[in-house]
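Input: a single structure, listed below in structure tokens.
Just follow the structure's listing: the first ligand is 1, and inside any ligand the first atom is 1.
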Amino acid sequence: MTTYWAPTGGHPPQTDLLTDRAIVTEAYTVIPRGVLRDIVTSALPEWTDTRSWVLSKPVAGGAVTFSQTILEVAPGGGSEAPEPQPEVEGFLFLMAGELTVTHEGTEHVLTPGGFAYLPAGSAWSARSTGTEAARFHWVRKRYQPVAGLTPEAAFGNEADVEPAAMPGTDNRWRTTRPLDPANLAYDMHVNIVTFEPGAVIPFAETHEMEHGLYVLEGKAVYRLNGDWVEVQEGDFISMRAFCPQACYAGGPGPFRYLLYKDVNRQVE
Ligand code: UGY
Ligand code: MN
């Protein structure tokens, strides 16, 4: 079974030189895994036996339009009504433990690699049903409706979704897309991007979409605007619209990340 790095708290070891790498610029933010510690947790009133690390949220000036949070829910904890805002959609990605999500009366059991897309306004609840804490990402965004298009809820596991090879890369850079990219009812995607050791994004992608990027496995050097930044599993990057971006994967294993992206809509 694939394992994912997830924060557990405590203090970083005295020898961890990787904690001192936080960067905040106008174009991007890097939150290294070393800062995801006890002192920066938030409690959420809608959830019991839960603490969370907010990685990204809308800020003054509208530079970021989504929120991304890691939740750690102790066994038995959870929420009957997690989403306080009916116009906000959500995407969950489980890294550890087990989370049972009940959506419109149907139960879906998520194990590591499991995901759930929860349309804005739908009734859902979640409970940590494993023997260890459930640790998962929750990406939230205000849904931008379009007449005649209704996004469907989606549940599954990344292991069961066939990844698409990026053109011209001999399958060394591939993307797993839990939500159908051809379905324009979706205004956000959360994909899993995989690089074999040494594989690259060979040009500085520069696009209108924002990103939230959480490193699930491996190491790389990431190009962000004009800077090259070393990242490893457990690190988080957020990129504003048009932040130039590229990377090369350092090995020895694959480099994999969870990637949020807003898609398919005009500016509001
Ligand atoms: O889909 C994307 O925008 C993706 N290729 N970007 C990235 O991995 N930084
Ligand atoms: Mn991109």
Hey, is [X] one of the residues with a heavy atom under 4.0 angstrom from ligand 1?
X	value
Thr175	no
Tyr222	yes
Met209	no

**Request:** Would you list the pairs meeting ring-ring contact (aromatic ring centres under 6.0 Å, His included) in which at least one residue belongs to residues 139-158, sequence neighbours left out?
**Result:**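 Qualifying pairs: His103-Phe155, His108-Phe155.
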**Request:** For Trp173, counting its heavy atoms only, list the atoms of ligand 1 lying under 4.0 Å from any of them.
**Result:**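 The list of qualifying atoms is 5 (N).
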**Asked** What atoms of ligand 1 come within less than 4.0 Å of a heavy atom belonging to Tyr257?
**Response**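 Contacts of ligand 1 toward Tyr257, numbered from 1: 7 (C), 8 (O), 9 (N).
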**Prompt:** Is Glu205 close to ligand 1, meaning an N/O of one under 3.5 Å from an N/O of the other?
**Reply:**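 Yes; the residue has a nitrogen or oxygen that sits under 3.5 Å from a nitrogen or oxygen of the ligand.
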**Prompt:** For atom 2 (C) of ligand 1, which protein heavy atom lies nearest, and how many Å away is it?
**Reply:**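 Of every protein heavy atom, Lys261 NZ, 3.1 Å lies nearest to atom 2 (C) of ligand 1.
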**Message:** Among Glu107, Glu80, Glu98, which residue satisfies the side-chain contact (heavy atoms from CB on, under 4.5 Å) criterion with Arg127?
**Reply:**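 In the set Glu107, Glu80, Glu98, the residue that makes a side-chain contact (heavy atoms from CB on, under 4.5 Å) with Arg127 is Glu80.
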**Asked** Hey, mind stepping through Tyr222 and Ile201 against side chain to side chain contact (heavy atoms under 4.5 Å, CB included) and telling me if it holds?
**Response** CA-CA 9 Å; Tyr222 225 96; Ile201 296 180; 3.9 Å; yes
**Which atom of Asp235 lies closest to which atom of Pro32, heavy atoms considered** =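 Minimum heavy-atom contact is OD1-CA, 3.3 Å.
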**Asked** If you round to the nearest 0.5 Å, how far is CG of Leu259 from CD1 of Ile192?
**Response**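 It is 9.5 Å, given to the nearest 0.5 Å.
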**Request:** Output yes when Lys141 and Asp187 qualify as a salt bridge under the 4.0 Å nitrogen-oxygen rule, no when they do not.
**Result:**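 Answer for the salt bridge query: yes.
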**Prompt:** When you check the gap from the basic side-chain N to the acidic O, do Arg174 and Glu196 get nearer than 4.0 Å?
**Reply:**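 Judged by the 4.0 Å cut-off on N to carboxylate O distance, Arg174 and Glu196 do form a salt bridge.
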**Prompt:** Do other residues, nucleotides or ligands put more than 12 heavy atoms under 6.0 Å from the CD atom of Glu26?
**Reply:**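 Counting other residues, nucleotides and ligands, CD of Glu26 stays at 12 neighbours or fewer.
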**Prompt:** More than 12 non-hydrogen atoms from neighbouring residues, nucleotides or ligands closer than 6.0 Å to CD on Glu87, yes or no?
**Reply:**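 Count over threshold, so yes.
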**Heavy-atom nearest neighbour of atom 9 (N) of ligand 1 within options Met239, Glu210, Gln245, His207** =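 Comparing heavy atoms across Met239, Glu210, Gln245, His207, the nearest one to atom 9 (N) of ligand 1 lies in Gln245.
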**Asked** When you look for heavy atoms under 4.0 Å from ligand 1, do you find them on the side chain of Leu259, its backbone, both, or neither?
**Response**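 Looking at Leu259 and ligand 1, just side chain atoms fall under 4.0 Å.
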**same_hphob_cluster(Val193, Phe236) at 4.5 Å side-chain heavy-atom cutoff** =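 They do not share one cluster, since no chain of ILVMFWY contacts under 4.5 Å joins Val193 to Phe236.
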**Asked** Hey, which protein N/O/S atoms does the Mn ion (ligand 2) have under 2.8 Å?
**Response**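 The answer, once waters are left aside, is Glu205 OE1, His207 NE2, His211 NE2, Gln245 OE1.
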